[in-house]
Amino acid sequence: MREGVMRVRKRVFAAVLVLSLLALLVAASTVVAAEEEGKAAAEVEAKAIANGWIAIAAGIAMAGSALGAGMAIASTGTAATGATAEKPEVFGRVLIFVALAEALAIYGLLIAFMLLGKIIW
């Protein structure tokens with residue numbers, strides 16, 4: 001039963017990753033297509049579209065990293081609880097693994113802020 005759940009989680013994570021890469025690819029192609037147009041009105045519209053795609057990419061980056069961090073914390077937290085129940089002196093060591101899993105969400109937040117900083121005003 002546990003292996004089936006892990007397979008589903010891996011597939012969901014892979015799907016989120018593929019969709020975020022696809023969104024980034026579409027955003028990049030939109031920006032390149034907008035640069036080729038020389039009209040002022042089209043340029044304003046292209047900037048708005050590019051800003052929208054950048055915002056969507058930032059949201060996907062944050063959502064994907066939070067999902068990945070949640071899955072990692074779920075598995076490491078369960079193992080940490082079991083290990084601490086058997087040997088209380090290993091609490092400090094297993095806490096490090098849970099903190100490393102939490103760092104994934106922080107990295108995603110950082111990337112989201114970097115993407116939002118690229119929005120053209």
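As a basis for the values below, the full set of heavy atoms in this structure was taken, side chains included, without hydrogen atoms, waters or symmetry mates. Computed from a prediction, not measured in an experiment: that's the story for all the values here.
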How long is the straight-line distance from [atom2] of [Y] back to [atom1] of [X], given to the nearest 0.5 Å?
| X | Y | atom1 | atom2 | value |
| --- | --- | --- | --- | --- |
| F91 | T81 | CZ | OG1 | 9.0 Å |
| N51 | L116 | CG | CG | 10.0 Å |
| T84 | E89 | OG1 | CD | 9.5 Å |
| L100 | L95 | CG | CG | 10.0 Å |

Under the side-chain contact (heavy atoms from CB on, under 4.5 Å) test, residues paired with [X] that sit two or more places apart:
| X | value |
| --- | --- |
| A83 | V90, V94 |
| T76 | V98, A101 |
| I56 | W53, I60 |

ILVMFWY network linking I119 to I111, side-chain heavy atoms under 4.5 angstrom |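 Yes; I111 is reachable from I119 via cluster members.
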
Say whether I54 and M114 are linked into one hydrophobic cluster, either directly or through other cluster members, by side-chain heavy-atom distances under 4.5 angstrom.
-> yes

Is a side-chain N or O of S65 found less than 3.5 angstrom from the main chain of M62, in a donor-acceptor match?
->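 Yes; at least one donor-acceptor contact below 3.5 Å.
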
What are the two closest heavy atoms between A105 and A66, and how far apart are they?
-> CB-CA, 4.5 Å

